[in-house]
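Per chain, numbering begins at 1; letters A, B, ... match sequence-line order.
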Amino acid sequence: METKQPKLIVKDLKKIYEDKCALNSVSFDVKEGEFLSILGPSGCGKTTILRILIGLLDATSGTIIKDGVDITNAPASSRGMGIVFQNYALFENMTVLGNVEYALKIRKETKAVARERALSMIERMGLSEHINKKPGELSGGQQQRVAIARTMILNPEIILFDEPMSALDVATRISLRKEIKDIQKEFGTTMIYITHDQEEAFAMSDRLMVMKEANIEQIDTPENIIDHPANEYVQSFVIDNLQAKINSLVKYLR
Amino acid sequence: MKKIRKFASAHKLNATKVLLICVFAALVLIPLVRMLTNINGESLKSVLSQESFLSLISNSLVATALSTLTVLILAYVLAICVERTNIKGKEILNILLVLPMLIPSISHGMGLVVMFGNNGLITRILGFGGNIYGLQGIILGSVMYAFPVAYLMIADVLKYQDCSPYQAADILGIPKWRQFTSITLPYLRKPLISVTLAVFTMIITDYGVPLMVGGMYKTLPVVLYQEIIGQLNFEKGSVYGLILLIPAVIGFIFDVLNKDKGNSTFVSGKMLIKKNKLRDGAAYIFCGCICFFLMLPIIVFGILAFSKRYPSDISFTIKNISDALRLNAGTYMLNSVKIAILVAVIGVVLAFVTAYLTSRAKTKMSKALHLFAITSAAVPGVVLGLSYILTFKGSFIYGTLAILIMANIIHFISSPYLMMYNSLSKLNENLENVGKTIGVSRFRIIIDVIIPQCKLTLMEMFSYFFVNSMMTISAVSFLSTTKTKPVALMINQFEAQMQLEEAAVVSLAILLVNLLIKGIVALIKKISTKKKVSVFTEEAM
Ligand SMILES: Nc1ncnc2c1ncn2[C@@H]1O[C@H](COP(=O)(O)OP(=O)(O)O)[C@@H](O)[C@H]1O
Ligand SMILES: [Mg+2]
């Protein structure tokens, strides 16, 4: 594992909006099959990173290398990545099945193949009984499953999540959390996961990236971050908050 | 290479925006400038030095202010009767109140003449009246014409008002009148300003009602109308156009500022309505009176259209219909329907594309385009019509249906544009991004995802364009020829020749066609909401 080249290498990524610097030369890499969380307060540049990685936004400077290939300027749909948005962004006018098979149909798969793959993905996500419902008739958690299925159907090598759980209640979060981890293991998908929930980040991640105001403060495994916080900020923002979260969660579970 | 492609697609969106800005500039700004350059020192002097000039201004302002005030009070009271009591039949009332919005303003004016004129039905039955002409007539007619608009806007605001402050106030024992001044008024301030401006602009720019019942009480739009139609004096007309533009533009700017400063908070608890028989009884009486008053012209048209010889013989006949047809009402009706359909189709497409570009493909240019798209609302119809004559006279488009269609689209586009803008802004902002990441073009997402979710708004827009094009008498009055004339303009002509029965037939025909379109839209809406097809049912006008 250690000697293999990283799945994704990000070098000196910089983003300046008009006059505001949203990313200040950040560099990091992600290993094949790894679950990397990005943790940081609102406005620190997390979404900006994801949007640049998948190609929805152009970086001011810097390079992105995937499997040794420079994809900095590749179109979003050819990067082998999928993204799951915070507020799902489902197609409200289509059924669950319609949402999931849409991309395949547009990509000129035969109808039968598209249908079959969509059905098995829907089943994998435990949505079989809702197949003909519209998103508006589903719970938040179910809607997020549809969004994940819609992304997974194209077999992306990397999935990006932008605060996928922030609109969900605690119980749904915990079950969906497990679901996402299971998918990661089953398909070997690399995942980059934005959250502002310390507890979630620690529970799910192989490694954690802590950000503050356009910069990366520390990137390491959860254990190492707890044992050796890089600075005062990581100590207070990550560890102290984590403790508080755990306390409140324990209260909730009782 | 790839970067170039991305660049190109962003470029296309921007190019479309520039193109649309040019279209709006060419169809609104340039004609207006053309009108303003038509004003010279001589015409300005001849208008301003008239003895009657000051009284003309004060007439317009007094008539409009009094009408607006009356409309606001009545509409507020009616909205309270409907939204804050337990009366039954609210749906029927709401349908009835839409009817007056489906006939031209000139029909309301004519209705007054037929009822209260020297030979009026009511004058004869009750033995009083005859003096409908003048300020009182303008106020009555303007109230009939503008009331439903004000009522719908106010009722909508009251319907979504949060009840919890009132409950808290009740518990604290705060008296009702204090509740009104400290809860109701602050909540209603912004929407009431909006309604006031809408009604004010509607009335001050209308020539239909004052032309019919103004008598010697002349207002600005009437003088402008007569200057152009009667005297063909475009220089003086332009001066009046400029003067009429002033209140409309001021109103428009106020309205934009009023809406910009944040929006009012929205719903939580539904208003709890206590049982109160006395209050409900009073509400029934008030609703009944208002309805009767507003329905009067339509009822009278119903009698008139099938009367042998008004006022001497009102026995039943269908001769008036064949008479109207003989006088080409059929041809003109066909003109109107053609115009209305084309305005609606082209208008909906133009408004959709514009709203899409300003709401879902935001760049710096979007703001400019947005402003252009709503600015047309600041230009009164008669002023638009006049500036179009001056700009397009002698060009190939002059005297065709096309110029009428163009003028109507520009005149009416602001409301449907805003309806679509609101709908599109409510859709998830990442839909096109999802498309981009799964390899689906923006265009396909628009077709497969965006449009299906805006179907109901599209239909509302269609019906708005259609109905208004059927009714309008403002811009089209200067731009139509005997060949391209829309049927609404016949009302004036018939009335001038004392063919009131035929005028009534035409008014009713317009009402029926509009009702048909409204009915179809309502039916489709009902069917599709039942199937829960879309999340968006009602968009604010
Ligand atoms: N389109 C934009 N134009 C200007 N500034 C932006 C834009 N998008 C984001 N920003 C700014 O960039 C910073 C980082 O934003 P974002 O990546 O969305 O933060 P996060 O996802 O961590 O909350 C914020 O300060 C935000 O205000
Ligand atoms: Mg974010």
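- Contacts between L56(A) and chain B at a heavy-atom distance below 4.5 Å involve backbone atoms as well as side-chain atoms.
- With a threshold of 4.5 angstrom between heavy atoms, I153(A) does not approach chain B through any atom at all.
- Judged by distance alone, the side chains of K455(B) and S528(B) never bring a donor and an acceptor atom under 3.5 Å apart.
- Between atom CE of residue M204(A) and atom CZ of residue F161(A) there is a gap of 7.0 Å, rounded to the nearest 0.5 Å.
- Under the 30°/60° scheme for interplanar angles, the aromatic rings of F412(B) and Y464(B) are found to stand perpendicular.
- Using a 4.5 Å cut-off between heavy atoms, F85(A) touches chain B through its side chain atoms alone.
- Residues R173(A) and D197(A) are paired through a salt bridge, judged by an N-O separation under 4.0 Å between the basic side chain and the carboxylate.
- Among V84(A), T151(A), N87(A), I83(A), the residue making the largest number of heavy-atom pairs under 4.5 Å with chain B is N87(A).
- No other option in V440(B), T437(B), I450(B) has as many heavy-atom pairs under 4.5 Å with chain A as T437(B).
- The residues R207(A) and E34(A) are annotated as salt-bridged, a charged nitrogen and a carboxylate oxygen being separated by less than 4.0 angstrom.
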